Amino acid sequence: MPPPARTDFLGHPKGVFVCFFTEMWERFSFYGMKALLLLYLLKHHRFNDDGGYDLIGAYGGLVYAVPVIGGLVADRWLGMRKSVLFGGVLLVLGHLGMAVEGEQARLVNGVVVRDEGALQVFYLSLALIVMGVGFLKPNISTIVGRLYAADDPRRDSGFTLFYAGINVGGLFAGLVCAFLGETYGWKYGFGAAGVGMLAGLAMFLWGQKYLQGHAEPPAPAKLRERVALLPREAWIYLLSLAGVAVVWQLIQRTWTVQGAMHLVAAAFGAWFVWFLAKHCNRVQRQQMIALLVTILFVLVFFTLYEQSYGSWVTFSDRLMTKDMFPSLVSDASGTLPWSLFMMAATPALMVVALRASDRGNARLARAMVWLLVLAMTAACFRDVVLVPQTAGSLTFLGSFFIVVLSPLFAWLWPWLERRGRNPGKPLKSAIGLLFAGLAFLPLLAAAKFAGGGAQASVWWLVLAYLLLEIGEMCLSPIGLSAVTQLSVARVVGLMMGGFWLATAYSETLAAQFGKLASIDIPEGATIDFASAATKYANLFQLLLWIGLGCALLALVVAPLLRRMMHGVR
């Protein structure tokens with residue numbers, strides 16, 4: 001049964017909306033920084049393409065691997081609320097640290113001279129972000145689940161609402177952070193991301209009362225126990241800061257991250273084979289194999305998907321137009337995105353809405369929500385149509401299409417289910433990989449056009465994002481669901497860790513593929529369109545065939561996997 005209406009807002013626990021806005025701001029800061037990261041490395045610190053791809057691959061791998069540890073620490077000792085708060089503080093420090101640009105790198109006698117002090121602050125900031133995401137990301141999702149009873153029919157729609165928060169944050173991240181960074185200066189883009197995370201942390205602190213006690217430590221007494229003169233809780237924080245120091249060093253030596261990924265993958269594979277042989281019956285063995293295959297398909301998908309923050313960004317920066325409606329775009333000088341002011345107003349509007357709901361003033365509460373929705377729509381329209389776009393700001397297209405497509409797919413799957421035609425997980429994997437591969441087809445056409453010496457139209461990129469996000473809507477929900485349904489119960493946590501490690505591995509693989517289109521532009525020279533376009537075309541063609549080939553493989557093995565799942569859909 002749903003909880004009493006007094007604790008609800010728009011039909012859901014009020015804590016869900018606190019988590020929605022906390023995650024919205026966290027994703028705003030995360031994707032805003034990510035949209036700028038590669039361009040910042042190439043243009044400000046003057047990394048070559050290979051070095052830039054290696055660093056974003058190492059960073060991406062670590063940022064998806066550390067949440068495995070953060071989730072375990074929260075489950076055993078710290079609790080979700082304290083984990084989210086600690087992660088939020090680390091994220092604020094990391095994002096604000098990114099705003100320390102230092103002097104721009106320069107070429108002296110053919111050698112790149114960088115501001116090493118600013119570069120170390122940059123690496124430390126990335127390490128703080130990695131550790132912050134590790135504590136915040138897995139635990140805020142768990143809080144949402146705890147706010148509903150196990151049999152509450154609102155659970156799925158609650159997670160849909162929470163997922164919308166992720167994508168609203170991602171949508172405005174490009175329009176605000178990337179635009180400011182590329183138009184006014186890197187520090188303004190990274191600074192906006194830091195202020196955004198500060199707003200998210202403040203929202204979570206204010207809204208803790210709405211979490212209904214579901215996010216507290218599992219055994220508070222254990223946190224107070226003294227271990228070698230200090231309480232256990234203090235040791236958790238100190239060891240986490242030591243972990244920041246370790247990541248700070250690792251991220252400067254990208255080969256160590258890549259090597260660790262390979263070793264972890266080999267160790268996980270060896271454990272998996274041993275566990276199947278020693279501890280599984282026939283049905284469990286088949287379900288676990290089906291799960292591993294599903295995770296591998298997810299790995300391939302995200303290897304293709306992460307090109308949108310790698311080779312797609314450099315391609316659009318170098319060889320594509322940026323504005324979708326150039327005749328309507330105003331001069332960039334003096335222009336600020338309305339999204340900046342809209343995002344700044346969201347915490348106040350939400351606080352007013354929840355307080356009005358507390359007092360029983362449903363009309364004012366709903367009015368604030370409608371005002372927020374209308375402000376988001378107006379800001380998005382204005383900033384997309386009238387404001388000049390940049391290579392980084394165009395990353396908003398991914399989240400934009402998810403926001404647009406989500407209602408369609410939310411209707412489509414139940415509609416197919418009622419008619420007995422809802423494709424199962426194996427077939428959805430094939431469809432997702434098919435669209436991920438097809439997303440490179442318009443970019444291949446764009447690269448061939450740019451080879452003639454003129455910039456290709458940005459509409460090729462728009463089409464690529466549309467196809468990619470259709471694929472994500474088919475495949476994205478599959479992985480985590482499959483882990484919970486197909487794992488042997490006593491290793492579900494380990495298999496969930498395996499899923500996130502596979503996602504981390506995909507970041508490293510994506511970077512290595514991106515390096516196939518690395519381009520060196522000599523000092524003072526302009527880009528050779530024909531040569532650059534050929535490199536990008538070769539990369540996009542390779543990824544097209546990888547996507548289509550894996551989609552075909554997934555389609556062929558789908559009947560076998562369906563049987564091996566033994567009734568799990």
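In this text the structure is predicted, and so the values were computed from the model without any measurement.
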Check this for me, if you would: do E23 and K137 make a salt bridge, where the nitrogen-to-carboxylate-oxygen distance has to be below 4.0 angstrom?
yes

Would you say the side-chain atoms of Q252 pair up with the backbone N or O of W248, donor to acceptor, closer than 3.5 Å?
yes

Using a 3.5 Å distance criterion without hydrogens, assess whether the side chain of R232 forms a donor-acceptor pair with backbone atoms of K222.
yes

Whether the side chain of E216 engages the backbone of G213 through a donor-acceptor N/O pair (distance < 3.5 Å, no angle test) should be reported.
no

Show me, pair by pair, the donor-acceptor contacts under 3.5 angstrom made by side chains of residues 542-555, not counting sequence neighbours?
none

Strictly distance-based, threshold 3.5 Å: is any side-chain N or O of R146 a donor or acceptor partner for the main-chain N or O of T142?
no

Which heavy-atom pair separates A193 from M33 by the least distance, and what is that distance?
CB-N, 4.5 Å

Run E233 and K82 through salt bridge (Lys or Arg N to Asp or Glu O under 4.0 Å) and show every step you take.
CA-CA 10 Å; E233 184 173 358; K82 290 188 175 187; 3.2 Å; yes

Do the ring centers of W312 and F315 come within less than 6.0 Å of each other?
no

Under 6.0 Å between ring centres: does that hold for F275 and F272?
no

With sequence neighbours excluded, tell me which residues meet side-chain hydrogen bond (donor to acceptor under 3.5 Å, both in side chains) with Y309.
none

Among side-chain atoms of K14 and Q212, is any donor-acceptor pair under 3.5 angstrom?
no

Which pair of non-hydrogen atoms, one from G94 and one from S125, has the smallest distance, and what is that distance?
O-CB, 3.2 Å

Is a side-chain donor or acceptor of Q512 paired with a backbone partner of L509 at a separation under 3.5 angstrom?
no

List the steps, then state whether salt bridge (Lys or Arg N to Asp or Glu O under 4.0 Å) holds for E472 with K428.
CA-CA 10 Å; E472 183 177 3; K428 284 180 180 176; over 6 Å; no

In terms of ring plane angle, is the pair Y505 and H262 parallel, tilted or perpendicular, where the classes change at 30° and 60°?
perpendicular

